[in-house]
Protein chains: 2
Amino acid sequence: MKGAPASINDIARALGISASTVSRALGNHPDISADTRSRVMEYAKAIKYRPNALAVGLKHQRSNTIGVVIPEIIHHFFSTIISGIEEVAYSKGLRVMICQSNEDYNREVINIRAMLDHRVDGLLISQSKDTNDLSHFVEVFESNVPIIFFDRFPSELETDRIITDDFQGGKLVTQHLIERGCRSILHLATSENLLVGAERCRGYADTIREAALTFDPNLILLCDTQQKVYAAKEQILAMAPHIDGVFAVNDLSAIAIMNLLMDAGYQIPDTIKVAGFGDDPIASIVRPRLTTVEQKGFMMGKKAIEMLLERIENPTSSFVPRTYKFQVSLNMRDSS
Amino acid sequence: MKGAPASINDIARALGISASTVSRALGNHPDISADTRSRVMEYAKAIKYRPNALAVGLKHQRSNTIGVVIPEIIHHFFSTIISGIEEVAYSKGLRVMICQSNEDYNREVINIRAMLDHRVDGLLISQSKDTNDLSHFVEVFESNVPIIFFDRFPSELETDRIITDDFQGGKLVTQHLIERGCRSILHLATSENLLVGAERCRGYADTIREAALTFDPNLILLCDTQQKVYAAKEQILAMAPHIDGVFAVNDLSAIAIMNLLMDAGYQIPDTIKVAGFGDDPIASIVRPRLTTVEQKGFMMGKKAIEMLLERIENPTSSFVPRTYKFQVSLNMRDSS
DNA sequence: ATAATTTCTGCAATCGTTTGCGGTTGCAAT
DNA sequence: ATTGCAACCGCAAACGATTGCAGAAATTAT
């Protein structure tokens, strides 16, 4: 009952038959007599035999495992995506291997390599913020392991993508704020090269122009975390008298600025209206409840793995990258 | 550049040497001449050789992977634990395999078995709410795979545990509320058999008695989610006039009841003081900012895997289970 | 020149499983 | 009695890497 787990050979030895027969019996191969089969089955159950997944994987050249690399698991959006992925994987008997890049390029590279070493059947990736060199992704293509990007993808590469319509989301929010009477809308944007943030910002800018409002670049602040909002406190309070709306690139910074403004005596939504992006659970908990764009993380996760499984099952030579864009919706609450 | 990844045999063939020599060269074995070694190294790099982790694992009877089973990844507390686990694992070159039980017993069993099938070197587990049968844990012991429980553990089993001092946490909160003048404190408890919740409740009850306040069992409500708080709205509002404090078993229900009470016109903390448990990031975002017990998830994750690694490295026959209990601290904010 | 030693490399078994192919039964048909 | 054909089972190679042991080559000692 201790030591190494039972193998197929142990069963063979105990029953005086060959390992091949045991293997076939356990696999319900028709060549094996009902008698032998049942003896094997019975004994296997008795000693709690379980196949060695490593050996099976080695033999079959695949591991029944799919790899997931995400920036940070603590973000609710990514957690929900993982739940969606796991949901499908579980129903199909697939294992899921999750790694975090922690928004670090080197870690992303190492994680991806480790996944390939483990012969994962496919990869699901949302790239880290500071990934510019894409050679590790190219390596994945070359090794013929299907890979699907979700939410954050390298635009330079022609790949399968599961994404959110961030542009549309940015438009929805901005349109909504304008409809509510806002004429001077501050946008809290993400720093640097994050495409999703850039798209939201583009949606904002486009809508401003479409509405024939004056587009003021000074109304865009690189400020995408609670900390950064508080760090920019002076700057924000200096602008506050001249704005009547805020569109934050995510819910946390939306709430941060909401608190900051309220603490400074501004009424929300009366004086200034605020909206976020993501529909974090926190959005419906804070007061005033935050208007925000709903992102369908769970559905995205499901879609991503389903698309991946299709790629795995049909390793077609003629690869035509596909993009699945999830539509968003605006959840209007009390902050606007 | 496509098809199956390069193996050690491919290198051997190409260089006209044996696979064993290649293996030794890559492993810096002293038997191999500097010349041969460098030729192998060079060629391996050129064709981007990477060892097949499945084969290595099969040979060595371990996978350099540790398995983690948690109830739900979307809970911030568990996410931080995972981050702590990954932090250490990453620094040691270990892979981490994460599965969610979704608070479902069957899924927990299947996940654990899958981990064992993959020959994980060790297991880190936080058991699901509805796990009563413990035979799958016993199987792990019998297979000699080290296992450490974190946060939620089966009290019937003598195992290694990394836990929070929930009892002390419950006391801290209750003492604090009493010090602030509360005399009639409602406790929102977790349903049924969750030990961590029971401990917090025990801390509450003990403190009430120690303070010579009357302990009223009617002041304990099984209500541990936002939804359940709202479902119990009538009941809570009926009690509200007679209470002056609330200790919720977690932050989400604390915030839910805070909102519910405020919507009904109660002043927090003036009329009723509220405190939670866990120190979810949301606690410092909501208004009023929530007083709550800080749980050190990241540290717990680190400690758990460190303890596991020690168990893996010293597979001592004389097993003496250890419990590491993390002390908690109270973060006093505006809600109390 | 032979023996002893060092230095390097290869053979083959092994980890646990799968599977093509061939072999051994038994039984019915001829 | 021979052939034919199922039905059932085992041999051995493979997947990719590791490693004890033996052996070859080169070097040194005698």
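The sequence lines fix the lettering, A, B, ..., with proteins before strands; numbering per chain opens at 1.
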| said: By the definition side-chain contact (heavy atoms from CB on, under 4.5 Å), identify the one residue from B:Leu308, B:Thr159, B:Val140, B:Asp160 that meets it with B:Ile147. | reply: B:Val140
| said: So, using salt bridge (charged side-chain N to carboxylate O under 4.0 Å, His left out) as the criterion, who are the partners of A:Asp117 when residues are at least two apart? | reply: B:Arg50
| said: Could you tell me if B:Asp35 and B:Ser33 have a donor-acceptor pair between their side chains, going purely by distance under 3.5 Å? | reply: no
| message | With no hydrogens and no angle check, just 3.5 Å: does a side-chain donor-acceptor pair link B:Thr21 and B:Ser18? | response | yes
| request: Flag this pair as yes if the NZ/CZ of A:Arg161 is under 6.0 angstrom from the six-membered ring centre of A:Tyr324 and inside a 45 degree cone about the axis; otherwise no. | output: no
Side-chain ion pair, [X] and [Y], N-O less than 4.0 Å:
| X | Y | answer |
| --- | --- | --- |
| B:Glu306 | B:Lys92 | no |
| B:Arg322 | B:Glu310 | yes |
| A:Lys302 | A:Glu86 | no |

| request: Write out all pairs satisfying ring-ring contact (aromatic ring centres under 6.0 Å, His included) with one or both partners inside residues 18-48 of chain A, taking only residues at least two apart or from two chains. | output: none
| request: With a 4.0 angstrom cut-off to heavy atoms of chain B, pull out the first and last contacting nucleotide of DNA chain D, in 5'-to-3' order. | output: D:dG16 to D:dG20
| note | In short, the helix from C:dA1-D:dT30 to C:dT30-D:dA1 is bent end to end, axes from five pairs each side, to 10°, by 70°
| Qualifying residues under side-chain contact (heavy atoms from CB on, under 4.5 Å), relative to B:Thr131, sequence neighbours excluded | B:Tyr105, B:Glu108, B:Gln127, B:Ser128, B:Leu134, B:His136, B:Phe137
| request: Encode nucleotides 10-20 of chain C as B, S and - characters from 5' to 3', where the letter depends on protein heavy atoms closer than 4.0 Å: B to the base, S only to sugar-phosphate, - to neither. | output: BBB-BBBBBBB
